[in-house]
Amino acid sequence: MKKVATRFAPSPTGPLHIGGVRTALFNWLYSKNHNGKFFLRIEDTDKERSKEEFKLQILNSLKWIGVNHDGEEYIQSKNIESHIKIVNKLLENGNAYKCYCSSDEIEEQKLRAKQKKIPYIYNRKWRDKSETEAPQDIKPVIRFKSKIEGSTKINDLVQGDIKIENNTIEDFIILRRDGTPTYNLSAPVDDHIMGMTHIIRGDDHKINTFKQIQIYEALRWETPLFAHIPLIHTLEGKKLSKRDNASTIDDYEKIGIMPDALRNYLIRLGWSYKDKEIFSLEESIKYFNLEGIGKSPSKLDMSRILSMNEYYIKNKSNDDLFQSFEEYCKNFKENINNEKLNIIKKSLTFLKNKAKTMEDIYNNSKFIINDEIIIEKAEMSLLTENAKNIIKSFLKKVNEIEVFNKETLEPIINNLISENQTNFKGVGQPLRIILTGSKFGPGIYDIIISLGKKRVLDRLSKVG
RNA sequence: GGUCCCUUCGUCUAUCGGUUAGGACACAUGGUUUUCAUCCAUGAAAGAGGGGUUCGAUUCCCCUAGGGACCGCCA
């Protein structure tokens with residue numbers, strides 16, 4: 001049996017969204033599962049709209065989530081000449097023909113079909129006409145001579161058998177008036193040249209498949225196997241488009257979603273393996289298969305992404321997490337000096353406790369990062385005279401100890417509680433507000449210990 | 001309008017004719033906790049509708065409804 005080879009073939013006409021990333025991931029996983037190869041092909045034949053920045057964005061997105069392709073990326077535009085050769089061959093063999101219809105003529109037919117509410121299909125006017133009848137002033141396009149009789153069935157690895165009447169497939173254009181090949185010609189040609197065994201792509205390509213397999217057959221090439229996966233929908237139930245916000249990798253990266261978490265989320269979106277929810281990278285490769293892919297489209301669920309990310313944050317080692325955090329702050333927040341980074345590193349266990357994203361950890365760390373603590377009105381009003389007095393006694397007592405840890409701090413706080421006939425909140429809340437500016441946050445001992453004596457004294461003494 | 005596809009809790013899904021229809025996220029309640037969280041426990045929550053086939057259908061078939069994709073000299 002042939003070694004499995006898959007590919008992901010995005011066009012750089014817009015940023016790659018999360019649905020495309022999932023398609024790439026499925027292709028990659030499938031090839032890895034079969035010990036095969038995975039390739040990347042940039043379909044940049046639309047010169048008008050293809051942009052280098054989009055290509056870079058695509059490359060970065062795939063790299064970020066760990067979908068690495070074998071070999072160099074294949075640039076489709078570099079291969080146009082060989083595509084044209086194939087078109088000529090098709091022409092010579094009688095599988096294609098020149099169509100001299102003007103654009104206006106075609107447009108008019110489409111319009112008329114629309115008015116009559118009948119489906120438009122090219123009328124095959126030039127299919128059997130002889131060249132001698134060709135008008136001199138019109139450059140022809142080349143159309144593929146599509147089958148008219150009978151029906152075609154494909155055995156889709158995800159969708160099962162799909163049958164279609166051949167006469168619903170029109171004589172599609174394979175070479176434009178400007179002499180460049182179209183997608184439905186270039187894609188199968190490249191897939192053949194690249195030796196693809198499995199084409200795994202969005203099910204928006206389903207109908208194209210019936211065009212493309214005719215190309216394979218005309219050329220007597222072996223057809224690859226097809227698997228059309230359902231598209232990801234927005235919460236509104238529509239196809240994810242390039243214009244939907246919060247749908248590119250960059251958007252997730254910006255709020256501090258981690259690659260592993262998104263990979264895990266994406267693999268379980270429209271695919272399942274029993275009841276298993278968490279898949280390590282190795283497990284993803286080990287268990288991924290086409291049978292587990294559902295046939296219905298699934299919706300993107302942000303709360304699920306968040307909770308998956310939370311899981312990965314909690315289950316990563318502190319060292320790894322810290323490394324990711326440092327990187328994240330550098331790229332999306334600010335450069336934090338080493339002294340503060342060290343404090344954060346030591347405090348990660350409690351800083352990550354209530355975090356769903358890297359951004360949450362950053363926000364939780366603000367009392368360490370910021371030198372000036374800003375106390376809002378609402379919190380300020382909780383600092384009563386009584387509370388301030390408690391703080392003053394705390395300041396005095398804490399000034400006398402050198403080592404800050406739970407053993408040294410606990411007696412002080414307990415004393416204050418009984419001296420002032422209050423509860424823990426009576427002492428803890430003002431302390432927390434002054435030290436962090438917030439009513440909420442990590443445990444008060446954690447805060448004090450992580451800040452250290454100097455910072456604690458500084459902040460507390462500022463409160464009159 | 002034509003062609004093709006889809007339909008289990010709000011969401012992602014399990015079930016490959018016989019289950020009290022299971023899990024996860026989200027949600028609600030309770031408990032632990034020095035606040036918020038975490039954590040733990042509990043709860044509410046689903047087979048679109050109608051016909052068949054069958055001793056028995058969520059599962060197989062048909063119809064209806066709803067949803068989606070495609071219908072470019074874009075990919």
Side-chain angles (χ1 to χ4, degrees), chain A residues 9-14 43-46 48-50 76 99 101 103 106 110 113-121 139-143 156 158-160 162-165 167-170 172-184 186-187 201-210 228 230-231 233 235 237-239 265 268-278 291-292 294-308 310-311 314 350 352-356 360 364 410 413 417 423-429 431-433 438-446:
Chain A
S11 71
T13 54
E43 304 211 326
D44 60 342
T45 51
D46 186 345
E48 290 286 303
R49 293 190 292 166
S50 291
Q76 189 165 61
C99 164
C101 290
S103 307
I106 299 290
K110 282 187 186 173
K114 205 169 186 180
Q115 282 168 348
K116 284 195 202 159
K117 295 203 172 190
I118 55 168
Y120 165 77
I121 183 162
K139 272 189 87 178
V141 297
I142 296 179
R143 289 181 183 270
D156 192 282
V158 169
Q159 312 267 340
I162 310 169
K163 201 179 106 178
I164 205 168
E165 295 301 318
N167 61 21
T168 60
I169 302 294
E170 71 167 355
F172 55 99
I173 294 171
I174 54 178
L175 198 79
R176 300 184 186 98
R177 211 178 294 284
D178 67 2
T180 59
T182 61
Y183 167 75
N184 276 315
S186 293
R201 61 189 2 171
D203 69 10
D204 48 343
H205 284 292
K206 233 185 300 180
I207 303 296
N208 287 330
T209 304
F210 289 93
H228 289 95
L231 268 9
H233 283 181
L235 249 18
K238 297 272 183 257
K239 174 184 172 181
Y265 170 76
R268 276 290 285 102
L269 189 63
W271 177 85
S272 62
Y273 179 78
K274 298 179 182 171
D275 269 350
K276 198 168 163 59
E277 301 283 350
I278 302 297
E291 294 77 47
K295 289 189 186 182
S296 55
S298 35
K299 295 180 184 125
L300 219 46
D301 181 3
M302 193 58 197
S303 70
R304 193 65 176 279
I305 297 176
L306 252 18
S307 89
M308 189 61 81
E310 183 179 16
Y311 176 89
K314 299 226 165 92
F350 69 82
K352 75 175 179 183
N353 193 8
K354 52 185 299 181
K356 282 180 160 47
D360 288 342
N364 292 346
E410 199 165 23
I413 289 189
I417 290 170
N423 54 17
F424 191 92
K425 196 178 169 189
V427 179
Q429 191 175 62
L431 270 175
R432 185 196 311 281
I433 289 173
S438 169
K439 277 194 293 182
F440 312 120
I444 196 68
Y445 293 115
D446 286 331

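Quick note on labels: first sequence line is chain A, next is B, and so on, each numbered from 1. Hydrogens, waters and symmetry mates are skipped; everything else that's a heavy atom, side chains included, is used.
Residue-to-nucleotide proximity on RNA chain B shows that, of A/I173 and A/Q159, the 5′-proximal contact is made by A/Q159. Residue order along RNA chain B, read from the 5' end via each residue's closest nucleotide, puts A/P442 first among A/N208 and A/P442.
Closest to the side chain of A/F440, out of B/rC36, B/rC12, B/rU3, is B/rC36. When the nucleotides B/rG10, B/rG1, B/rU13 are ranked by their closest atom to the side chain of A/D301, B/rG10 comes out on top. Listed nucleotides B/rA14, B/rU7, B/rA24 differ in distance to A/E277; the shortest reach to its side chain belongs to B/rA24. When distances run from any side-chain atom of A/E310 to the nucleotides B/rC4, B/rU34, B/rU38, the shortest one goes to B/rU38. Checked against B/rG72, B/rC36, B/rU11, the side chain of A/R304 finds its nearest nucleotide in B/rU11. Among the nucleotides B/rA69, B/rC25, B/rA75, the one closest to any side-chain atom of A/K239 is B/rA69. Candidate nucleotides B/rC4, B/rA14, B/rC6 were compared by shortest atom distance to the side chain of A/K206, and B/rC4 ranks first. Set against B/rC12, B/rU3, B/rG72, the side chain of A/R49 has B/rG72 as its closest nucleotide. With B/rA75, B/rG2, B/rA69 as the candidates, the nucleotide lying closest to the side chain of A/P119 is B/rG2. When the nucleotides B/rU38, B/rU3, B/rC25 are ranked by their closest atom to the side chain of A/S303, B/rC25 comes out on top.
Taking atom P on both nucleotides, B/rU8 is separated from B/rU59 by 12 Å, rounded to a whole Å. On the P atoms, B/rG2 is 39 Å away from B/rC16, given to the nearest whole Å. When the C1' atom is compared between B/rA46 and B/rC12, the two are found 13 Å apart, to the nearest whole Å. With C1' as the reference atom, B/rU20 and B/rU15 are 15 Å apart, rounded to whole Å. Straight-line distance between the C1' atoms of B/rC6 and B/rU64: roughly 15 Å, to the nearest whole Å. Only the P atoms considered, B/rU58 is 11 Å distant from B/rG18, to the nearest whole Å. The gap from the P atom of B/rG67 to that of B/rG30 amounts to 40 Å, rounded to the nearest Å. B/rU13 and B/rG31 are spaced 36 Å apart, taking the P atom of each and rounding to whole Å.
Within the 4.0 angstrom heavy-atom criterion, base atoms lie near A/H205. If you check every strand for non-hydrogen atoms under 4.0 Å, A/K352 touches nothing. A/K314 comes within 4.0 angstrom of sugar-phosphate atoms only, judged by non-hydrogen atoms across all strands, and of no base. Note on A/Y445: a base of the nucleic acid sits closer than 4.0 angstrom, heavy atoms only. Within 4.0 Å (heavy atoms only), A/G428 reaches no atom of the nucleic acid at all. Residue A/S103 is classed as a base contact, given a heavy-atom separation below 4.0 Å to a base. Contact annotation for A/G202: no contact, since no heavy-atom pair falls under 4.0 Å across all strands. When heavy atoms are screened at a 4.0 angstrom cut-off, A/I444 is found touching base atoms of the nucleic acid.
Distance alone, capped at 3.5 Å, places no donor-acceptor pair between the A/R304 side chain and the A/S307 backbone. Within the 3.5 Å criterion, the main-chain N or O of A/G14 finds no donor-acceptor partner in the side chain of A/R49. Judged by distance alone, with hydrogens and angles left aside, the side-chain atoms of A/K276 form a donor-acceptor pair with the main-chain N or O of A/I278 at under 3.5 Å.
The base of B/rA14 has none of its N or O atoms less than 3.5 Å from a complementary donor or acceptor on the side chain of A/D275. Side-chain N/O atoms of A/K354 and base N/O atoms of B/rC36 include a donor-acceptor pair closer than 3.5 Å.
One can place CZ of A/F210 at 16 Å from P of B/rC70, the figure rounded to the nearest angstrom. Per the geometry, NZ belonging to A/K299 stands 13 Å off P belonging to B/rU7, to the nearest Å. Whole-Å rounding puts the A/D46 CG to B/rA75 C1' distance at 8 Å. Between A/I118 atom CD1 and B/rU3 atom C1' there is a gap of 15 Å when expressed in whole angstrom units. The CE atom of A/M308 sits 12 Å away from the P atom of B/rU13 (whole-angstrom rounding). Following rounding to the nearest Å, A/F172 (CZ) and B/rC71 (P) show an atom-to-atom distance of 14 Å. Atom pair A/Y311:OH and B/rC12:C1' shows a separation of 17 Å (rounding to whole Å applied). Rounded to whole angstrom, the span from the OH atom of A/Y273 across to the C1' atom of B/rC12 amounts to 18 Å.
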Take A/T180 and A/D178 through the test side-chain hydrogen bond (donor to acceptor under 3.5 Å, both in side chains) and record every step on the way to the result.
-> CA-CA 6 Å; A/T180 59; A/D178 67 2; 2.7 Å; yes
Take A/N364 and A/F440, measure what side-chain contact (heavy atoms from CB on, under 4.5 Å) needs, and give me the verdict at the end.
-> CA-CA 10 Å; A/N364 292 346; A/F440 312 120; over 6 Å; no
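Using a 4.0 Å cut-off, some side-chain N or O of A/S272 falls inside it from OP1 or OP2 of B/rA14. OP1 or OP2 of B/rU11 has not a single side-chain nitrogen or oxygen of A/S298 nearer than 4.0 Å. Here A/T168 does not reach the OP1 or OP2 of B/rC71: none of its side-chain N or O atoms lies under 4.0 Å away.
At least one side-chain heavy atom of A/L269 sits under 4.5 Å from a side-chain heavy atom of A/L300.
Heavy atoms only, all atoms of each residue included: A/K439 and A/R432 are closest at O-CD, 2.9 Å. The two atoms that bring A/Q76 and A/S186 nearest to each other are NE2-CB, 3.5 Å, heavy atoms only.
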